[in-house]
Structures are given as C-alpha cells and as structure tokens.
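Only one structure is covered here, and it is reproduced in the block below.
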Protein chains: 4
Amino acid sequence: MKAALKSQRIETPSWAYGNSGTRFKVFAQEGVPRDAFEKIEDAAQVHARTGVAPSVALHIPWDRVDDYAELRAYAGELGIELGAINPNVFQEDDYRLGSVCNPDPAVRAKALAHLLECVEIMEETGSRTLSLWFADGLNYPGQDSIPARQDRLAEALVAVRDRLGPGRRMLLEYKFFEPAFYATDVPDWGTAYAHCVELGDGAQVLVDTGHHAPGTNIEFIVALLLSRGKLGGFHFNSRFYADDDLMAGAADPFQLFRITHEIVRAGALEDAGVAFMLDQCHNIEPKVPAMIRSVLNVQEATAKALLVDADALSRAQREGDVLTANAVLMDAYNTDVRPLLAEIRADMGLDPDPVAAYHRSGYGKRIAAERVGGAQAGWGA
Amino acid sequence: MKAALKSQRIETPSWAYGNSGTRFKVFAQEGVPRDAFEKIEDAAQVHARTGVAPSVALHIPWDRVDDYAELRAYAGELGIELGAINPNVFQEDDYRLGSVCNPDPAVRAKALAHLLECVEIMEETGSRTLSLWFADGLNYPGQDSIPARQDRLAEALVAVRDRLGPGRRMLLEYKFFEPAFYATDVPDWGTAYAHCVELGDGAQVLVDTGHHAPGTNIEFIVALLLSRGKLGGFHFNSRFYADDDLMAGAADPFQLFRITHEIVRAGALEDAGVAFMLDQCHNIEPKVPAMIRSVLNVQEATAKALLVDADALSRAQREGDVLTANAVLMDAYNTDVRPLLAEIRADMGLDPDPVAAYHRSGYGKRIAAERVGGAQAGWGA
Amino acid sequence: MKAALKSQRIETPSWAYGNSGTRFKVFAQEGVPRDAFEKIEDAAQVHARTGVAPSVALHIPWDRVDDYAELRAYAGELGIELGAINPNVFQEDDYRLGSVCNPDPAVRAKALAHLLECVEIMEETGSRTLSLWFADGLNYPGQDSIPARQDRLAEALVAVRDRLGPGRRMLLEYKFFEPAFYATDVPDWGTAYAHCVELGDGAQVLVDTGHHAPGTNIEFIVALLLSRGKLGGFHFNSRFYADDDLMAGAADPFQLFRITHEIVRAGALEDAGVAFMLDQCHNIEPKVPAMIRSVLNVQEATAKALLVDADALSRAQREGDVLTANAVLMDAYNTDVRPLLAEIRADMGLDPDPVAAYHRSGYGKRIAAERVGGAQAGWGA
Amino acid sequence: MKAALKSQRIETPSWAYGNSGTRFKVFAQEGVPRDAFEKIEDAAQVHARTGVAPSVALHIPWDRVDDYAELRAYAGELGIELGAINPNVFQEDDYRLGSVCNPDPAVRAKALAHLLECVEIMEETGSRTLSLWFADGLNYPGQDSIPARQDRLAEALVAVRDRLGPGRRMLLEYKFFEPAFYATDVPDWGTAYAHCVELGDGAQVLVDTGHHAPGTNIEFIVALLLSRGKLGGFHFNSRFYADDDLMAGAADPFQLFRITHEIVRAGALEDAGVAFMLDQCHNIEPKVPAMIRSVLNVQEATAKALLVDADALSRAQREGDVLTANAVLMDAYNTDVRPLLAEIRADMGLDPDPVAAYHRSGYGKRIAAERVGGAQAGWGA
C-alpha cells in the first residue's frame, strides 16, 4: 500500500496557476505567472511539497513558446515533466458556432490544423497524451443539425488519430453543458465512448468529474469504462452545481473516494494507462496552496481506497449482506489516513505537512514580490 | 404529410389501463379492467377513437393467460394487435438484490428462465419485440461490485439474444434511478448502447423519455442512436422531476416536438424499426381518456415536426444564421395543427374530436357499471 | 463535548421498523413488527444499543391503538418515550386530489378532523410535537388553482394551531415533489416559512434532508431558519436522487456534517427546541441494525461538528483566509471520531460497538422466530 | 384582451445590447453600442418594432454618464423611458469575497455607498425601481459564517430602504448559484421573501426565471408571491441548464405560458406593480433581433394566458375534473396567437411582422457600418 501511494502520479494543469474566474469577474491575484516557464515553476513547487505531482499539462496557445525543447529542459531541471497537451479551439471569433463541428468547412479546417499542430508539439514536449475538449454545441433548438455535427466531429477525430505518433494517444473529454446551452456535441460518456470505439486503439475517454448531470453516478461510469479498456484518464475537480472547478475533493469527498475505490478495485492505480490529472480554477483562493490541497485530497481518497478490506467486501457482497458490505467500505472511508500519509512523506524525504511547509518556504511571498509587471497569465476570455 | 400521419402507429401499454400509484398510495378507479382481455378492450377503444393506436404491449406476468392464441384472436376481433412483450423480473421477493445481476446464481437463473419464457410467449402472441427493463441496482455504496454486475448482465443478454426467433429483436431500456437509489445497472443510454453494440444486430436501445437526469437533452440521444442504427423505440411519457409517468407531452410539449423533429429528419417515422410506445401511469385521472390524450399529443408533435420547412432550415443552418434557423423550427411548433388532424380523422372515417367522441360513446360509464367485483388489475407492488 | 454527545437525543420513526418499498415492490422481511407495541420494542432496542435514541415517533393511523396510555406505559417500561405524532391524510381514496387543499370542502373537513384527532392523541401519548406533512399537490398544469389551495392550507393550519395544547407545537414539513408531480402545495422551505410566520409561535419548519431540489444547500436553510427561530426539527435520511430515504449519512456524510456544524455553531444542539428525528425506509436492508447505523451516523457527524476549532475558524473567516477557514472545517471532518464515541459509550455503560453488540444479542434472530403470522406492519399503500 | 395586450410593457436591459459571453469566450459582434446612448438607440428600435417595450433598464457603472438628465432626454426623444437601475457590486477586486456580506467592513461600506449612489441616480433618471442582485456567496464550506453574512446583508438592505425616495421601491433578486459555487447569500425566493417581509413595504422579490434549481416550479413561486403582495417583477430569460440567459421563451415556452397564466389569473397584468423585465445574453446571435424575438415570445405567452377560458377552468377545477381542467389550459396554449398579435400591431400602426420589418429597415446594417472604432460595450469581466 505504501508503495502504491509513493508511486502515484497526479498531473497538475498549467492553466490553474494563472488567473481564472466566472463570466462575471476574474479577480487578479498576486504572484500569478506571466508565462509558461513561471507556471512550470509553480507546478514544480507543488511536486516539491507533495512528491506525487511530477508532471504538468500544457494548454496551447496559452502555453505556446518558441522553443518547446527549452521548456522541457527547464521543467526537467525543476524535477518535473511536461504532460498532456490540451488544444484550444474555442477562443477565436471564428469558433462562435463551433470548431470541428462548425457548419463552415473553412472553420473546421482551421480547427483541425490546430489539433494537428498540437500533435506535433507532443513530439517536442515528449507528451504521450493529447487531451481533447470541444466547446462545440448549440444554444438554440434548430440552430444546426445534431447528426451532421456528429459526422463532422468523427471526421476530425479520424484525421487526428491518423497523425498520432507511436505510443501516443488521444483522450476525448465529454461535458454536460457550458459554454453551449442547448446541445453539446460531446455531452456524455456515451457519446465519447461511441466515438472512441469507432476510432479503435489510441482513443480513450477522459472523465472530468465536474462534467455530469446532477446526480450522475460517476464511479459507475469509471467502472464501466475500465471494464472496456476505454478509461484514458481523469480531470479531477469538484462541484456543487455546474462545472464549478473547485479543488478536487472539496465538495464531495465521499464521491472522490468511491471513484478511487473503483480504480483500485480494477487494478488501475499503478497502470500507466489511466492519467490522474487535475483541472481546476482557483478563482478566489491562492493558487499554489490550493493545488497542493487538491493533490493531497486525491492522495487521501486513494489511501482510503487502498485501505478497503477487499476480501471482507467481496464476501459480504457475495452473501448479499447489504449492511456489512456498506460497512466495510465506510470503515475505510472513516479512517483518518493523514498520519499514514505523513509517514510516507517522511519516508520520501518530504515534510509531512505539505501545506505548512509551503507556507514556511516563503515561496508565495517570493513570487508575489518578483512577478510584478507584465501580463498575468489567464484564460484570455 | 397526411399519409405519414395516417400511417403512424403508437402502441399503448396494457398496464396503463390498470390501477397505478406512488409508493404512498394507489387510488382505485371505477371501471378498471380485471384481466388482460378487458385491458385489450380499453386499448381497442383508444384505437377506435384515434385510428393510430393499433397495438397493445403486454406485461408478463400481469397479463399472463392460459391461452395466448385466444388473447391474440380477441385482440384481432377488436381491431388491434398484440405488441411488445415486457418481462417482469422485479416483483418477487427473490429479486430484492436484483434479477440478472443478482449476486446469487440461483436468482439469476430464475430471472433468465422468465426472460426465455417471454421469448416463447412472443411466438404465441406474434410479438416481434421483447422489451427489457431491469430494476437491478444498488441502494448503498459497496453493496455489490459494479463491474461484476455488468458481466452478469451481459451473460443474460447473450442468452436471451441467442434464443430470439427470426425477425424478433430485443430492446434494452435504461433508467437513471428508481427503484435502485445508489447505482442502477443500466442507468443511461451509454450503458445500453455498449451492451447492444456487443450483442450485435437484434439488440437496440429503448428510450423512455422519463428516464434521464435533469436537463438531459433527449433529442440528442435520439439523433445519435438513429445515426448508429441502434434506436429500437420509445416509451413516451412526461415528467417534471423523476420518472413521473405523466401523459406524453403534458409536461414539456416542446421537448416532445424536438424529439419527433429528429425522428422525422432522420426519415425514421415510417421505418417500422422504431417502435412508438407509450408507458404511462394515470394515477389520478381516468385512464382511457388520458391515454387518448397522450396518443393525440404524440400525434400533434409529429404533425408539427412534419411541418418544419426542411429546406429553409438546412439553408439557415448552413449559413450559420442562428435566429432564422431557430425561427423556422419555432414556426412549425407554434402552428396549431389540430384543424389538420381533425381533417385527417374525418378522412379516416373517425370523429374529428376523439376525446369528445369518447365521452359521447358512454364507454367510460359502461365499464364502470360492468366491471364490478373481482380484482382490479394493478401493479401488484 | 462529551457531555453534549451523551445528552444528544435522536428520535427514531415507528414506520421505519415496518416494511417499506418503492412503487415497484415492497420486499417483506423476517421479524417485522405486526403492531405498534412491537415497533416500540425495536425502537427500544436501538436506544439500548446507542444510548441516544430515547423516543419514537408515531404515525396515525398506522400506529393506532385502543389505549394510548397503555402504549405509553409499555414504552416507558422499555426505557423510551413516545415522540412526535404524524398524521396521515394521504392514504384514503378521498384524498386523490388532496387533503386540506382539496377542492371539495367535505374532504377538507375530513382531513382537518383527522389532524385534530391527532392533537388529542398527543395529550394521551404525552407528545409535544405534531409533525405535519401533506402529500397535497397537482399532477397536471391547470388541475387546480395554486393560490386557492394555499388559502385552504392556511385555513386548516390555523384551525390546528388553535387547538394545540399548552407547550405543544406543530412542525410543517416541505417536500420538493412526490407524490404530486407537477406542483406540491408545500414544496420548499420558503412556503413552509411563510405559513409559519403567519401562524406565529407554535409553528415551525421541519427540514427533511431528502426533500430538496438537486444541489440545494441544506445547511444554508438550517442556518437561516435557526436565525429566525423557525427551525423546529429534522427528518434525517439521505438520498442520491429524489426522496430515497436511505440511512442518514449514507449518501453524503460531508453534507450531514455541514448541517450539524450549523446546528452546533448556533448553539442549537442542546436546545430542546430542535427535534432530531430520523425518517427512513429500509427497503432492502434489515431494519433494526440499519436504524442503529443511522443513529451512529448522526452521532458521528455531530461529534465532528463539535471538534471544529471555533476560534480558529472565526479568525480565518474574519481575515478572509479562504483556504485556512476551509482547512479548519475539514480538519474536524477528516478526524476519525469513532474511538471517542466508543469511549463515550463505555462511559455510559454501553457496548462500544453498537452494531456488533446488536448482532451478538440475538435480537434479530429472536424477532424473526417469534414474529410469525399476523400482518406485518407496512405503509399500506 | 386586445387592450391588455396593447398596454403591456416589457422593459429591455441595456446590457443585453452589448457584448456578452461565457467564462470561455466573449464573441464580439458587429454594430455593438459603445456607450449608453447607443444602447438606448437599440432599445428604442425594439420598441419601435414591437410597440410594447417602452423602457430600458440601466446598469451602473456600465451605463454611467456625466449627465443623466441628458440621457433621459435622449431616451425621451427616441420614445422610451429609463427604467430600473441595477447597481454593480461584483466587478471590483475588492469584491472577491463579497460586497455587502463581505467580512471586511470597509468593503461593505464601499458597496453600500455604491448602492446609495444608485438611489440618487434614480432621482435623475426618473427610475422608480432599484433592482438589487448580489453576487455574494462562498466557494468553500467554512469560508465564512452563513448567518453572519445574513446579518450583514440585512443591515445593508435597511440602509438602502431608508434612503429610497417616495414612490420608489427596491427589488431583491435571488439566484440559485453562480458566481458563488458553494453557498449564495440570497439563493432562493424564500431568503429574498424573508428579507422583504422584514423590510416592509417598498421591498419586493424579483424573480429571474433562470435562477432556480433544476425542476423548480416557478409559477408556484409567482402565485405565492402575488398572494402576499411581494412579487416586484421579473427578469425573463430562458435556460436548459444553469443561468443560460437565452431568449425568453426559447427553452420552455410552456413554462413561460404557465407563468403568465398565474399573472393573468391574479389580475396582475395591468397592475403597474409587477415589472416585466428581460435579462438576457445574446452571446452568439445578433442582439437587436434577438431582443425583438424575446419581447414577442413574452407577448405570445401573455396572449395565450388571456385566452384561457377562466370560467370553464374554474368549473373543472371545482369539480375535480383533472383532464378537463388540464385540457382547458392546453387549449389556450395550443392556439396560434400570432394572427391575433399581427392584427393588434396593425391596429397600433406597426408592421404586423416585427422581425421582418426590422430586417427591411436596414437598422442592423446601419449600426454595423456606423459603430466602428471605440470600445464596444460589454460586461467588463
């Protein structure tokens, strides 16, 4: 169990170190990075404190640089790797009615070109994963043909798949709604799954925990995708209402535990095939410590899942003993795993309390003092 | 257009003529059928008034009879056919923890035997469709293994598929929740679709309009399943909250129209492949006229969908003209199609106002007077 | 803190010891009580194991007896008291269109008479609380006048209030939906609150944790009602979807903690004014141990709420330190309070592990053996 | 009926003529106003086409001008009035943790000062209504004290009320969530109502149709507030998921009809006391014609509500005839009122088809050509 926890890898997203907000307001914060290099410094800080966040996902064009090899080398110096590449086909005026699903073939071609550019960037960054999210959809009934848009989507996905290098894969993310308000072109896991089955190996589904209808049982989806070999990874975050992008585990820690339980049970924790990524927005809280907290929350949920007495659980399930089976699961959940994780950190040569260590380090004050002037990174919406 | 409307076939469910209710109370009504024969009389009455409800779905064991040939002949005399067969594997104490997904192999075997019995009944009734809904699921986290239950489900579905006669098919229905409260074994279209793809031809998805998470875009699912040849049919009803089973079109008539629009657009209206079935509970309102109203509501939505100016719509969609495309759709929806449908009924030799004709016929009073004594049909919960 | 936990009082509901189910099926269980006396034995068993469940709520007519003094004495012998009286105005055919909101004055009069009968029963049972829940509502738009029904409701509530004895109070429960599907006459806390304000002292709102729209922040409602002196009590249970009536704390233990946090913070834990009642349905699990588990879950949530470092929390809140304030709360939630509660039980002369003690006691086997024949108690739907 | 429709007044919001979007992207459009004067031109255009949109709501500071008398005079020249004043206390960095509920007294004072400034602006613009929406809330459990924030809110509301001039009133808007993700300080009508009752006359609730939990019955809230004299007005718009701010009536036209039915039934249509205001975002569609369509949608819903046969409805409701009562309502809804409204427009000297007339007028092309350069109006998020 300790070994499993020490070798866990949770990828943090570069964009969560920049400013973010709602459509009503982006509150600027002190010390926010101005470029991809500074984002990588923040990501490295999270890894330095937690020991389990050794890579950072990039978003293109927000993290575009002239020389990706230099960026990669810089990350390497700071002890982390460059992770998934996330293309952006939703922030140019051309994409008002969609990107790869747009009724205009010229816009579709432009969007596809950007996706293929990202495939090339993967070779330079050493990324193995292309993480695809499409903001495509409709705001009004009748606005466009739902099935025609599916066909256009399939066409683009095939084109991307055919260009992926060896050992590379694409993950297709789904989202219930937002920014489209009537129909989203990949609204649920079923749609993403249907496309991934048709695309064959190299295409898998990405589960963002905030992208579901109210009441959706996410661990069921996780279990089903795992059983079909089609779970590519996660975007962890938490939500009370819509896609709130709060710190992972903050809104419903029990749900996060149930998800990690399905992963552990399927033996998918160690398997490099499932990418554990965070995708969050720290709109009002300081970003680096919020990211540390999120990593810890995923780690704690995982530790609890590893504590589940699998034999006792299976026995109770086989016997149809509802209360005992539930109690076995809850016993693990109710255990305080923080002492164990502190011990593991000590084993790894880390401070047992990453948040306190971060504050003692003065990192937050240093970046606030140093990162003055220039344009703070943000979404550019 | 008139031809399409005259040839539409909407199947009514035998169980909706019996008593139903909530877990709090089943309110008995006058004139409710006591057996399958009387249910068929009521179904025939709905067809006699509307002209577009020429078949009735059966539920086994609620509609079990000694001689299905006799039942079929009786239906034929009254001008209707026997439709889909609906097995029941949720109302015996053995099914407390599920039927085909139950951890106990003996219960699974019993459930499968009932499914296969229903396959045999299909041969006697002349039914072409086996309509499968499983109440299987979990009430508590940990209660059973989610992936193990999927495997058991797949095993049962294969066994049923292998026994289906030529020209027969099975429809797999999904449901978001209820009666299971934590996890349902077929909770969404994606799960039903995954199984149907694995089962191959002869297995298709059944969409019950009341079985979705809040906010789900049902017409998207319809369009996607149609594009993959996996839409087997509908259980139409309407809901404000959960699976309310109100009259079709009563809660959100615009949604029903958007669904029929996708059907018409895909050319699936005439195609015998998509079964238009109702599945409702008339808990507080008289059942036969409520069923007539439901049939009319589906018919009106269909008529509006047929009114959509397809060329104007495609043009506006191609040009990215959001407001015009939406306006073309809304123009059809806002049209009052009742005069047209009255005309069609007159053409078919029917009274133009089915509800008024029903009331004038005295049928309701006759069954209230005649169906006295005996046990009223109901769900037997 | 230990004192607060030892003096906590959680009331269990008589009906949860009887059979219950969904509209699809009520699964009978072994050992289920046949009458109110046997229900009280089960409730006493829960108190004997947990030490914090010293009263049982009654439901009339399900618990109707000829001599309430005898019932009260029997409870006393077993160490518990009779608690809230819950009238039933939803299970007679007359109530098809509502009870106190029914358009028919005769039905309204009948419903009111039952409510007043329950007020009289309170005097015999020594109950101080009348717990009102109305299933009244509409299934279809237009079915009845929404404001006229509000007026009828207000009239009945005034009549009940005027008859309450000294030291007695009425609690008005709200429910989002079910059994009504289009409009419920008391659908939310705002409606209950408006009536209670108009009724004055002696009328308070009852919060059933399962009776809210998806995503509703229940602790906000609790805090607001507490600040206005209008929180009368709780019906604790848990849910993933609708009114699932699962064991309290089973679906979202963090939510239960947040609720108890608001109670503790408002100093309302010891205050007799807020009634902590359970309202659950154990459809598939054995009822007595499920009730024990539910009591423990409420107790654990309360213990965690008592652990919150109020000073540290206030300081961080005052300073606008989002992450620290959240961390203070989470620190309490993440603590394993089971050892502390075991200690408290030992102090109280109880077995530290109530569930294990229950199983060792043989109570479950005894009632299964003894309670054979007769009609098992249930909802009678 | 014609008179009622001719005298209907629907207020359009100045901000809906500017650019808007989601947190992902604001798509700029051609011809968007650069200042309050140009917004008023657009609002006047909507009134010129529809005849029922004679006023425009202002948002401060987005519509701040040096001389409000001049703005008012300009509006008068164009045939419209200045309507409700909407303060903005959510778009400065100081408001990161709230405005009038902020833990920092200095921020609260600043927010209050802005509210009082808006009260003064009302005197200059001749506005009778102050429309209050607070973005205040919490993103994380524990972040701040829920009841303390309620107290701070109440304090600010009292201060504003005390400063309102004679004949002026304040409307308090509630919102389920966004931009706060864990707890919103005025999340539902009950909270707004509780404050308005405490504030007394001059404070009423504002219902924004997009600000509710999934499944909420809005017409129930409308009926209840009307019965208590506490419905101040509407922000009409429509939504499928969250606060989508789509054109009124676009997502669920039947719901809009049910709302107008309650208004008509309560005799509140003509009553100047209920303000019919739109609040929308035209993110992807051209703004002026989208606003015309929205006005028409509200007008059509109102016309249908006026068509309801009130006597037949009351009779069926009294008799408990569920199907007839529903049918009476649906008969009005299913009627095509567009010919009637075209006639009314002709009576009023308007083009019977406002959208077509708008396109023929060349207004859209003119503003696209003229409004070049300068900064387009937007939300400034």
Side-chain angles (χ1 to χ4, degrees), chain B residues 20-30 88 90-98 133 135 137-143 176-184 187 210 213-215 237-247 250-253 281-285 290 293 378-381, chain C residues 20-30 88 90-98 133 135 137-143 176-184 187 210 213-215 237-247 250-253 281-285 290 293 378-381:
Chain B
S20 62
T22 68
R23 61 177 172 144
F24 294 102
K25 173 68 178 168
V26 174
F27 295 105
Q29 294 190 12
E30 291 193 319
N88 176 324
F90 54 88
Q91 283 196 319
E92 297 190 47
D93 280 336
D94 279 345
Y95 297 138
R96 184 174 56 92
L97 302 180
W133 173 63
L138 310 174
N139 273 10
Y140 290 103
Q143 180 187 325
F176 186 51
F177 83 100
E178 194 212 23
F181 292 136
Y182 159 62
T184 294
N237 50 50
S238 71
R239 51 82 69 106
F240 288 93
Y241 302 99
D243 185 33
D244 306 344
D245 282 328
L246 300 176
M247 300 186 298
D252 189 348
C281 294
H282 308 300
N283 295 349
I284 62 166
E285 66 272 26
R293 169 61 58 207
W379 283 24
Chain C
S20 61
T22 67
R23 61 177 173 144
F24 294 102
K25 172 69 177 168
V26 174
F27 295 105
Q29 294 190 13
E30 290 192 320
N88 176 323
F90 54 88
Q91 283 196 320
E92 299 190 48
D93 281 336
D94 279 345
Y95 297 138
R96 185 175 55 94
L97 302 181
W133 173 65
L138 310 175
N139 272 8
Y140 290 102
Q143 179 187 324
F176 187 50
F177 83 99
E178 195 212 23
F181 292 135
Y182 159 62
T184 294
N237 51 49
S238 72
R239 51 81 72 105
F240 288 94
Y241 302 100
D243 184 33
D244 305 344
D245 281 328
L246 300 176
M247 300 187 298
D252 189 349
C281 294
H282 308 300
N283 295 349
I284 62 167
E285 66 272 27
R293 169 61 58 208
W379 285 22

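Residue numbers start from 1 in every chain, and the chains themselves are labelled A, B, ... in the order their sequence lines are given, proteins ahead of strands. None of the values given here were measured: they were computed from a predicted structure. Hydrogens, waters and symmetry mates are skipped; everything else that's a heavy atom, side chains included, is used.
- Legend: residues meeting ring pair (Phe, Tyr, Trp, His ring centres under 6.0 Å) with C:Phe240, ordered by chain and number and at least two apart, are B:Tyr182.
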(request) Please step through side-chain contact (heavy atoms from CB on, under 4.5 Å) for the pair C:Arg23 and B:Ser20, ending with a clear verdict. (result) CA-CA 8 Å; C:Arg23 61 177 173 144; B:Ser20 62; over 6 Å; no
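- The candidate from B:Asn88, B:Asn283, B:Asp245 with the greatest count of non-hydrogen atom pairs under 4.5 Å with chain C is B:Asp245.
- The greatest number of non-hydrogen atom pairs below 4.5 Å with chain B, out of C:Phe90, C:Tyr140, C:Phe176, is found for C:Tyr140.
- A salt bridge is defined here as a Lys NZ or Arg NE, NH1 or NH2 lying under 4.0 Å from an Asp or Glu carboxylate O, and B:Asp252 with B:Arg239 fails to meet this definition.
- With a 4.5 Å cut-off on non-hydrogen atoms, B:Ala242 touches chain C through its backbone and its side chain both.
- C:Asn237 places no side-chain N or O within 3.5 Å of a backbone atom of C:Met247 that could act as its donor or acceptor partner.
- For chain C, no part of B:Gln29 is nearby; none of its heavy atoms comes within less than 4.5 Å.
- In summary, the side chains of C:Tyr241 and B:Glu178 do not present any donor paired with an acceptor at a separation below 3.5 Å, with no hydrogens or angles considered.
- Heavy atoms of B:Pro179 lying under 4.5 Å from chain C belong to its backbone as well as its side chain.
- Residue B:Asp94 does not touch chain C at all, counting heavy-atom pairs closer than 4.5 Å.
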